[in-house]
Amino acid sequence: MRIKTIQSHLRGLSNPVTAVALQRYFKTAPGEYGAGDIFLGIKVPVLRAQLKTFRATELTIIADLLSSSYHEERLFALMLLLDSYQRGNEVEKQQIYELYLANTVHINNWDLVDSSAPRIVGHYLVNKPRDILYQLSASTSLWERRIAILATFYFVGQKDFSDSFKLAKILLQDPHDLIHKALGWMLREIGKRDLAEEEKFLQQHYAHMPRTMLRYAIERFSETRRQSYLRGEV
């Protein structure tokens, strides 16, 4: 499968009206987190429906597609990577994991991170050392820091909360709102599985949390309990 074949097919699905809406939604104006990103205007279900057609694409071609200037082509490359990862043996999984980490510069918006990091990075590391997450958490790249957090979503699903808590402490004062949201989301997911563990963490740190992080973390609490955290009366 040649990259031009895939690109020609995807560009035939483009919709200029949808593209404008997506560029606004994903904050692509100068100074915003997605500044300069370009959209074709293809919705996720339409992209996903193309997977079967291109499932046999080689990793080298997927890597090239992942460097595309078009957002949906990068997203489709990640869909192909994840599909290959889920079907692959251990050697193939390692190759895909390494390819993913070598191309984080192109995984550069929250939907690209959130749809791929848990099920590639998180899954691969579940029974392995996780030092890479702490390297990523120290990155100047917003998206690498978010990859580190979202990778722990897979661990949370296994009721392994330690790395989510450690990263939450490390990134507690991160300057970016998208990191605050990701951290609060992971804390909320922990609370779905073990509310006592989430509250133990919150009671130690909530007074120093960015407001967005706290609001995400307590979203599922009762109104009374939510307000007590927001007023600092816990």
Side-chain angles (χ1 to χ4, degrees), residues 33 44 78 81-82 85-86 93 97 100-101 104 107-234:
Y33 61 73
V44 171
L78 290 168
L81 268 189
L82 180 57
Y85 182 91
Q86 291 172 333
K93 281 178 165 60
Y97 164 78
Y100 186 96
L101 289 182
T104 55
I107 306 169
N108 57 353
N109 213 312
W110 60 262
D111 63 319
L112 305 179
V113 172
D114 297 5
S115 63
S116 59
R119 294 185 289 169
I120 294 179
V121 180
H123 183 277
Y124 184 78
L125 294 176
V126 72
N127 294 314
K128 298 179 180 68
R130 301 172 185 176
D131 301 29
I132 184 63
L133 300 184
Y134 298 90
Q135 294 174 34
L136 292 171
S137 75
S139 173
T140 58
S141 164
L142 160 65
W143 307 116
E144 288 191 343
R145 300 199 304 277
R146 189 165 172 116
I147 286 169
I149 299 164
L150 264 292
T152 73
F153 194 4
Y154 189 84
F155 312 152
V156 170
Q158 311 298 307
K159 297 189 176 179
D160 176 359
F161 310 140
S162 59
D163 290 290
S164 295
F165 284 142
K166 288 175 185 176
L167 288 170
K169 289 179 186 178
I170 290 169
L171 295 168
L172 197 64
Q173 298 305 320
D174 192 277
H176 207 287
D177 187 61
L178 284 177
I179 298 300
H180 306 165
K181 290 177 179 179
L183 293 170
W185 175 17
M186 290 307 101
L187 292 174
R188 185 175 72 234
E189 291 297 324
I190 290 170
K192 289 180 185 179
R193 294 157 177 85
D194 192 329
L195 183 58
E197 282 296 301
E198 182 191 6
E199 288 231 53
K200 180 180 176 182
F201 181 89
L202 288 174
Q203 288 171 23
Q204 293 175 6
H205 300 287
Y206 83 95
H208 308 292
M209 282 183 183
R211 203 67 165 176
T212 298
M213 179 179 171
L214 179 59
R215 286 186 180 278
Y216 269 60
I218 63 177
E219 192 174 76
R220 293 172 60 88
F221 287 17
S222 69
E223 182 62 18
T224 300
R225 192 64 171 159
R226 266 189 350 100
Q227 290 303 322
S228 67
Y229 272 104
L230 292 172
R231 290 194 300 266
E233 298 172 355
V234 178

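Applying the side chain to side chain donor-acceptor pair (under 3.5 Å) criterion to E197, with sequence neighbours excluded, gives no partner residue. Evaluation of the salt bridge (charged side-chain N to carboxylate O under 4.0 Å, His left out) rule for E219 yields R188 as partners, not counting sequence neighbours. Scanning for side chain to side chain donor-acceptor pair (under 3.5 Å) contacts around R130 gives D160, D163, with sequence neighbours left out. With sequence neighbours left out, Y85 forms a side chain to side chain donor-acceptor pair (under 3.5 Å) with H123. By the side-chain contact (heavy atoms from CB on, under 4.5 Å) test, V234 pairs with Q203, Y206, R225, S228, Y229, sequence neighbours left out. Applying the salt bridge (charged side-chain N to carboxylate O under 4.0 Å, His left out) criterion to D177, with sequence neighbours excluded, gives K181. Take Q158 and apply the side-chain contact (heavy atoms from CB on, under 4.5 Å) test, not counting sequence neighbours, and it matches V126, Y154. With sequence neighbours left out, E223 forms a side-chain contact (heavy atoms from CB on, under 4.5 Å) with R226, Q227. Applying the salt bridge (charged side-chain N to carboxylate O under 4.0 Å, His left out) test to K192 and every residue at least two apart in sequence or in another chain returns E189. Qualifying side-chain contact (heavy atoms from CB on, under 4.5 Å) partners for H205, counting only residues two or more places apart in sequence or in other chains: K169, L172, F201, M209.
A pairwise comparison of heavy atoms in F161 and D194 identifies CE1-CB, 3.7 Å as the closest pair. When every heavy atom of L112 is checked against every heavy atom of Y100, the shortest pair comes out as O-OH, 4.5 Å. Closest approach of V113 to P118, counting heavy atoms only: O-CD, 3.9 Å. Among all heavy-atom pairs drawn from A217 and E198, the shortest one is O-OE2, 2.6 Å.
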Checklist entry - For I120 and L78, what are the C-alpha separation, side-chain angles and deciding distance, and is it a side-chain contact (heavy atoms from CB on, under 4.5 Å)? => result CA-CA 10 Å; I120 294 179; L78 290 168; 5.6 Å; no
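For residues 169-194, the pairs satisfying ring pair (Phe, Tyr, Trp, His ring centres under 6.0 Å) are F153-W185, with sequence neighbours left out.
Taking the side chain as every heavy atom from C-beta outward, L230 and R215 approach each other to under 4.5 Å. Taking the side chain as every heavy atom from C-beta outward, Y124 and L101 never approach each other to under 4.5 Å. Two residues are said to be in side-chain contact when any heavy atoms from C-beta on lie closer than 4.5 Å; L167 and Y134 meet this criterion. Side-chain contact between L183 and Y216 is absent, with no heavy-atom pair separated by less than 4.5 Å. Within the 4.5 Å cutoff, the side chain of L150 has heavy atoms near those of the M186 side chain.
Enclosure of atom NZ in K159 is not indicated, since only 12 or fewer non-hydrogen atoms of other residues, nucleotides or ligands lie within 6.0 angstrom.
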Return a table of donor-acceptor pairs under 3.5 angstrom between the side chains of residues 142-149 and protein atoms on other chains or two or more places apart.
| unit_1 | atom_1 | unit_2 | atom_2 | d |
| --- | --- | --- | --- | --- |
| W143 | NE1 | N108 | O | 3.3 |
| E144 | OE1 | S139 | OG | 2.7 |
| E144 | OE2 | T104 | OG1 | 2.5 |
| R145 | NE | D174 | OD2 | 2.6 |
| R145 | NH1 | S139 | O | 3.2 |
| R145 | NH1 | T140 | O | 3.4 |
| R145 | NH2 | D174 | OD1 | 3.2 |
| R145 | NH2 | D174 | OD2 | 3.3 |
| R146 | NE | D114 | OD1 | 2.9 |
| R146 | NH1 | L178 | O | 2.7 |
| R146 | NH2 | D114 | OD1 | 3.4 |
| R146 | NH2 | D114 | OD2 | 2.6 |

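Interatomic distance, S116 OG to L81 CG, rounded to the nearest 0.5 Å: 8.5 Å. Atom CG of L195 sits about 10.0 Å away from atom CZ of R220, to the nearest 0.5 Å. The CD atom of Q173 sits 13.5 Å away from atom CD1 of I179, with the distance rounded to the nearest 0.5 Å.
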